[in-house]
2 protein chains.
Amino acid sequence: MIILRNSIMIKFFLLVSITIFLTVLSHAQINNSFNLMPLPVSLKVNENLLRITRNFRVSVIGNTNARIYFQASRFIRRLSDKTGIFLDGQAYVIKKDSSVSAALVIRIQRPGLLAVDEDESYSLVTDANHVEISATTDLGAIHGLETILQLVSSDANGYYIPGINIQDEPRFAWRGLLLDVALHFMPVDMVKRTLNGMAVVKMNVLHLHLINDQGFRVESKLFPRLQEVSSDGNFYTQEEIRGIVKYADHLGIRVVPEFVVPAHTTAILTAYPEFASVKRDYSLQRYFGVFDPVMDPTNENLYLFLDKLFGEMSALFPDAYFHIGGDENTGKDWAGVPDIKSFMQLHGMKTTIDLQTYFNQRILPIVRKYGKIMVGWDEILHPSLPKEVVIQSWRGNESFYASVRQGYKAILSFGYYIDLIQPASYHYQIDPIPDSVKFTMEEKKRVLGGEATMWSELITPVTVDSRIWPRTAAIAERLWSPKSVTDTDEMYRRLDIVSLQLESVGLQHITYKQVLLRQLSAGWDTHALEVLVNVLEPLKIYERNEGDTMYTVFSPFTKLADVASPDQTIPRIFRKQVDSFLVNPSSTLYGEITEKLILWKDNDVQFREILRNSPILQEAAQLSENLSTLASAGLEAIQFIKDQKKPAADWLQHKLNIVKHAREQGGRCQLQVVDAIQKLIISAAGK
Amino acid sequence: MIILRNSIMIKFFLLVSITIFLTVLSHAQINNSFNLMPLPVSLKVNENLLRITRNFRVSVIGNTNARIYFQASRFIRRLSDKTGIFLDGQAYVIKKDSSVSAALVIRIQRPGLLAVDEDESYSLVTDANHVEISATTDLGAIHGLETILQLVSSDANGYYIPGINIQDEPRFAWRGLLLDVALHFMPVDMVKRTLNGMAVVKMNVLHLHLINDQGFRVESKLFPRLQEVSSDGNFYTQEEIRGIVKYADHLGIRVVPEFVVPAHTTAILTAYPEFASVKRDYSLQRYFGVFDPVMDPTNENLYLFLDKLFGEMSALFPDAYFHIGGDENTGKDWAGVPDIKSFMQLHGMKTTIDLQTYFNQRILPIVRKYGKIMVGWDEILHPSLPKEVVIQSWRGNESFYASVRQGYKAILSFGYYIDLIQPASYHYQIDPIPDSVKFTMEEKKRVLGGEATMWSELITPVTVDSRIWPRTAAIAERLWSPKSVTDTDEMYRRLDIVSLQLESVGLQHITYKQVLLRQLSAGWDTHALEVLVNVLEPLKIYERNEGDTMYTVFSPFTKLADVASPDQTIPRIFRKQVDSFLVNPSSTLYGEITEKLILWKDNDVQFREILRNSPILQEAAQLSENLSTLASAGLEAIQFIKDQKKPAADWLQHKLNIVKHAREQGGRCQLQVVDAIQKLIISAAGK
């Protein structure tokens with residue numbers, strides 16, 4: 001920690017003129033000393049240091065409202081919980097706590113508006129006697145509070161805030177997380193802990209996907225059949241929605257609701273079949289995927305209904321934006337209805353896409369009427385839509401670039417689909433404005449930011465945290481930090497640390513694993529199962545739910561694929577070790593690699609002991625055996641390499657057959673160490 | 001599992017005429033084959049067995065309401081989650097699911113009333129093709145569903161429900177848990193998961209302690225200052241209360257609210273100081289303990305206020321019982337006020353106890369008016385109170401026996417104070433009707449049952465589950481199972497298993513430990529800390545919060561004493577091993593004991609590595625060193641015993657000094673292995 005006393009200026013991200021030497025040094029300092037995520041725009045260290053003592057107090061100076069006091073009080077509790085220091089003297093930070101000599105002084109000019117392009121910048125300076133956060137708005141200040149909690153360090157004398165000077169602001173104004181509570185409902189406390197996690201990594205938009213074919217999740221007082229008939233009892237009351245919105249507000253997070261129309265509306269049509277294009281029996285969809293039911297855009301009563309419903313829902317969500325979905329309309333239920341076809345002919349529409357654009361044009365004034373800006377998925381992009389509409393791109397980058405170039409503001413979600421179980425490193429390298437795209441300054445301004453999307457086909461309240469965190473922190477950094485922050489190894493180093501910070505605000509992404517392992521093992525001894533699970537990832541992209549036919553809303557999500565993780569530490573490190581070994585076969589690396597291979601080889605015997613009491617694990621048996629066989633092959637390979645000997649002529653083919661076999665899925669999972677072991681085998685064979 | 005095919009009748013608890021041989025066999029069978037908790041009244045095994053397949057369906061026959069369908073549907077989800085079998089075919093059990101040929105048939109005569117003395121019995125029989133639960137009420141049937149989930153077994157062919165015939169009913173009608181949400185507030189989801197846990201072990205009363213000096217926790221629409229001024233924002237809305245009550249009803253659990261008067265009312269007096277006996281500035285109490293503020297029983301407006309308030313609150317809680325507290329009135333704020341003294345003289349009252357009885361007599365008609373039966377702590381016991389009042393004993397057994405003998409119905413909590421951090425074995429041996437007490441049949445009928453009490457001075461939503469569970473399951477068994485069920489070792493064996501069942505319904509008593517260990521270690525490697533924590537218990541009884549002055553509402557409860565546990569498995573087993581070794585010093589036991597002693601001896605070095613990054617653990621440093629020194633002494637001792645050698649003359653005194661030192665507290669914790677190691681030392685010295 002001595003390095004903190006060093007006052008070398010390291011505003012390294014922006015000051016490209018700084019020498020390479022200094023830049024590298026700065027990076028090293030950051031790596032060793034700080035665990036910030038997202039990384040700030042600029043950071044200097046200085047010689048000061050603020051010890052945290054029992055007398056630590058926080059004061060707030062400026063034009064304030066309840067938000068900053070809520071957050072400052074919460075900060076004190078979190079600091080106390082983290083350090084174990086009794087800060088009972090200041091139960092709450094209140095208006096009269098405005099001393100300039102408090103240990104932490106927060107200076108703000110005004111309460112922030114929860115709006116796109118609000119000022120979220122802050123500065124954070126440690127001087128000889130205190131730490132000061134200065135910000136135009138309290139939104140900036142509460143980002144500063146999160147930064148301090150990440151900075152708190154310790155030495156033999158206790159805890160302290162290091163000497164530091166940070167200037168920070170977000171790169172993008174819209175740093176969102178879509179939480180789908182329609183496909184699998186999520187209870188209020190899950191939403192609130194998600195908000196806690198978002199605040200830790202400075203995200204500022206919770207996009208609630210509230211309805212879909214599987215359910216309608218908000219109480220409507222005007223149309224109570226929506227929750228009575230179409231929610232299975234799983235919906236938020238209006239009081240609960242107000243509670244979520246208020247809590248989010250206190251954390252500086254906007255809540256954007258999505259009420260998807262005209263497709264994905266089986267739940268609405270189950271309650272009000274009169275608005276369907278095709279007359280049939282509607283009931284809540286139990287499977288996942290794209291279905292034909294769609295609202296009838298030729299029915300004038302539909303617009304009266306949506307006017308009232310959107311009016312009621314708009315009043316619940318104070319945010320300026322209102323998401324109307326608009327995605328995945330198959331058009332089949334329109335194409336097959338004579339009246340609708342006549343309507344299209346009458347109005348000169350050639351395709352169902354034209355009809356959906358007509359529908360959108362009818363919806364737009366309703367959304368406007370309630371003072372909202374309409375947002376929709378990229379399907380709604382059409383020259384006839386006015387430029388006020390915001391496009392959220394999910395089908396690819398091209399629709400995103402096209403939207404921006406055509407004059408629309410846009411949000412990128414393509415590449416941030418965290419439900420597809422890709423590693424953090426994949427999402428981390430997706431930049432909304434990559435170098436390859438040449439936007440004008442005006443176009444750049446229309447890039448609002450991005451949104452990670454947590455679609456909930458295959459998750460439950462037990463597993464959802466692990467599907468969001470910690471990976472989403474990498475996306476949060478992408479959307480906050482300077483574009484030049486791209487070092488993946490360094491991201492993973494900090495991700496391991498931020499993961500614990502996320503746990504300390506109530507997230508269950510770490511603990512859920514042992515819960516499921518104990519359930520799967522039907523007992524307390526989970527060791528052999530954990531060894532196996534630690535090298536498994538669920539099938540990625542859309543593979544797990546093969547053809548959308550394997551799982552329903554009520555399937556058990558307590559199985560192997562639910563405890564396996566997209567971003568395993570052990571395989572990641574193993575891959576690196578193998579790559580290094582193949583360049584430089586040191587005995588240290590040899591030892592580390594063989595230790596793992598032996599563990600995997602021998603694990604199958606113990607795994608079978610667990611399996612005897614747990615038929616639920618039968619689907620893992622082949623994987624466990626494959627891992628053992630594969631590890632044996634890896635051990636042979638690394639031995640050949642170490643001994644600088646060559647295997648027999650047929651050895652390679654035999655081992656490649658093992659590799660091929662080891663790529664097969666089991667329990668909707670795959671082994672994550674196959675490529676690395678294959679490399680060892682090929683290298684051993686001298687290929 | 002072969003033993004399940006055996007059809008020997010083992011109705012062992014009630015049929016005292018059965019031979020000793022058979023009884024012992026029966027116990028052994030249960031021990032080996034079933035993991036029920038609480039144990040049923042009678043259990044036979046038969047040759048049948050019901051495989052759980054994808055086609056498993058549940059039907060309900062009888063006069064029903066929503067409760068049984070809610071529970072049967074929840075049963076299907078839990079069975080599916082546990083076995084991994086897709087039971088999607090029956091998303092919900094509904095009225096038309098009434099086939100007599102379903103895999104599980106539930107027959108009930110009528111919906112149960114959530115009332116004391118309602119029939120909660122059930123029978124559970126596996127025949128050749130299905131399992132049948134029969135019960136008078138759905139309350140009995142849902143106990144049967146919990147029993148089935150505990151019975152589900154597996155073999156090489158998958159999961160099954162064993163062949164069984166159970167007749168079961170509770171010993172006591174009132175099997176409660178007091179949850180104190182006043183001293184530390186508990187969020188709604190914590191209350192709901194607590195209800196889940198209670199249902200697993202067949203408890204049926206949630207006693208919510210809703211107000212105290214530290215806060216008023218329910219929204220009052222008539223007196224909104226109560227939550228606005230006196231809750232720190234931590235209260236349940238009326239909608240949330242209704243949600244809790246409804247959820248509890250679906251689980252067959254009554255909710256009894258407690259609104260403590262006239263003392264412990266600082267929160268009420270903060271909002272409405274006009275009802276105080278002494279005029280002073282009132283603000284929410286931040287410390288814990290017994291305080292002087294008390295309502296003024298001579299103020300007629302107080303009764304008008306309480307009439308309205310209790311009226312409003314009575315309507316929120318449909319249960320027939322209404323708890324008015326009545327405990328811990330110091331009387332000082334009455335004794336010092338001239339007007340109150342005059343009032344007492346005028347009415348011939350000699351003591352403040354007389355005055356409180358007067359107050360109780362004024363409260364009683366209010367409670368009656370709203371159709372409720374008054375419950376109070378044993379302080380209210382007074383000959384002038386009518387026999388309809390129910391006494392809850394907490395200060396000792398004597399008040400309990402006295403209440404019963406004087407004709408009151410009574411609930412026992414003395415001995416079930418789980419906040420006092422005593423082991424499950426202690427609570428398990430507390431019987432509401434011990435053999436030493438000779439009650440008449442009539443008196444026995446007045447013993448309603450008991451309540452575990454989770455007072456929340458020193459707990460938070462993070463730690464609370466670990467303070468309730470799994471220990472409370474032992475109390476639940478005491479209150480449900482036949483009196484003869486008293487084998488502590490067998491209780492602990494099943495407690496380990498039921499602990500996992502409790503985790504599977506959402507309780508965090510297991511996972512919280514790793515969360516806190518990671519926080520305390522400031523990292524992922526918690527091993528050395530866990531070795532230490534596994535032999536620590538928090539200071540017991542009222543020692544931890546010395547003189548009620550160490551902790552406030554806002555103290556950090558994230559420290560050593562919060563992760564230490566009252567009922568550690570490792571010390572418990574170690575104690576048994578030492579006791580066995582001292583009787584029979586086998587080499588197996590020698591190996592097991594020395595393995596632990598070596599672990600503890602060597603742990604300190606690694607613990608100090610964690611400590612370097614975690615000043616919060618400084619308070620554990622001495623404990624860790626003491627454990628190491630103590631373990632070294634234990635190793636010397638066991639070696640002397642094994643080698644049948646005698647130590648030098650001064651050896652014993654030297655080691656006993658180490659033992660004495662090892663008894664000192666650190667971080668409000670004590671080592672749990674001192675007695676056992678002392679035994680080794682004394683034995684080694686030949687004493």
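Numbered from 1 within each chain, the chains take letters A, B, ... in sequence-line order.
B:Thr549 places a side-chain N or O within 3.5 Å of a backbone atom of B:Glu546 that can act as its donor or acceptor partner. A donor-acceptor pair is defined here as one N or O able to donate and one able to accept, closer than 3.5 Å; no such pair exists between the side chain of A:Ser555 and the backbone of A:Tyr551.
For chain B, the option among A:Asp189, A:Val188, A:Leu560 with the highest count of heavy-atom pairs below 4.5 Å is A:Asp189. With chain A as partner, the option from B:Glu619, B:Arg518, B:Arg612 having the largest number of non-hydrogen pairs under 4.5 angstrom is B:Arg518. Interface check for chain B: of the options A:Glu239, A:Met190, A:Gln514, A:Arg286, the most heavy-atom pairs under 4.5 Å are formed by A:Glu239. Between chain A and the residues B:Pro187, B:Pro556, B:Gly506, the most heavy-atom pairs under 4.5 angstrom are made by B:Pro556. Between chain B and the residues A:Val462, A:Leu516, A:Ile497, A:Asp496, the most heavy-atom pairs under 4.5 angstrom are made by A:Asp496. Of the listed residues (A:Val553, A:Leu611, A:Val515, A:Asn613), the one with the most heavy-atom contacts under 4.5 Å to chain B is A:Val515. Note on A:Thr237, A:Thr460, A:Leu617: by heavy-atom pairs under 4.5 Å with chain B, the leading option is A:Thr237. Looking only at heavy-atom pairs under 4.5 Å with chain A, the residue among B:Arg77, B:Gln90, B:Gln519 that has the most is B:Arg77.
A cation-pi geometry, defined here as NZ or CZ lying under 6.0 Å from the six-membered ring centre and within 45° of its normal, does not hold between B:Arg51 and B:Tyr159.
No hydrogens or angles considered: a donor-acceptor pair under 3.5 Å links the side chains of B:Gln150 and B:Gln501. Between the side chains of A:Glu503 and A:Thr511, not a single donor N or O lies within less than 3.5 Å of an accepting N or O. No donor-acceptor contact under 3.5 angstrom links the side chains of A:Tyr287 and B:Asp88, judged on distance only. Between the side chains of A:Arg493 and A:Asn35, at least one donor-acceptor pair of N or O atoms lies under 3.5 Å.
For A:Asp232, the parts sitting under 4.5 Å from any heavy atom of chain B are the backbone and the side chain alike. Proximity to chain B (any heavy atom under 4.5 Å) is restricted, for A:Gln508, to the side chain, taken from C-beta onward. Interface remark: A:Phe557 contributes backbone atoms only to the contact with chain B (heavy atom separation under 4.5 Å). Proximity to chain B is absent for every atom of A:Ile76, based on heavy atoms less than 4.5 angstrom apart. Using a 4.5 Å cut-off between heavy atoms, A:Ala91 touches chain B through backbone and side chain atoms alike. Both the backbone and the side chain of A:Ser80 come within contact range of chain B, with heavy atoms under 4.5 Å apart. Using a 4.5 Å cut-off between heavy atoms, B:Thr552 touches chain A through backbone and side chain atoms alike. Within the 4.5 angstrom heavy-atom criterion, only backbone atoms of B:Ile85 (N, CA, C, O) approach chain A.
Taking the centre of each ring, A:Phe185 and A:Tyr236 come in below the 6.0 Å mark. The aromatic ring centres of A:Phe554 and A:His184 sit 6.0 Å or more apart.
Using a 4.0 Å cut-off between a side-chain N of Lys or Arg and a carboxylate O of Asp or Glu, B:Arg544 and B:Glu457 do not qualify as a salt bridge.
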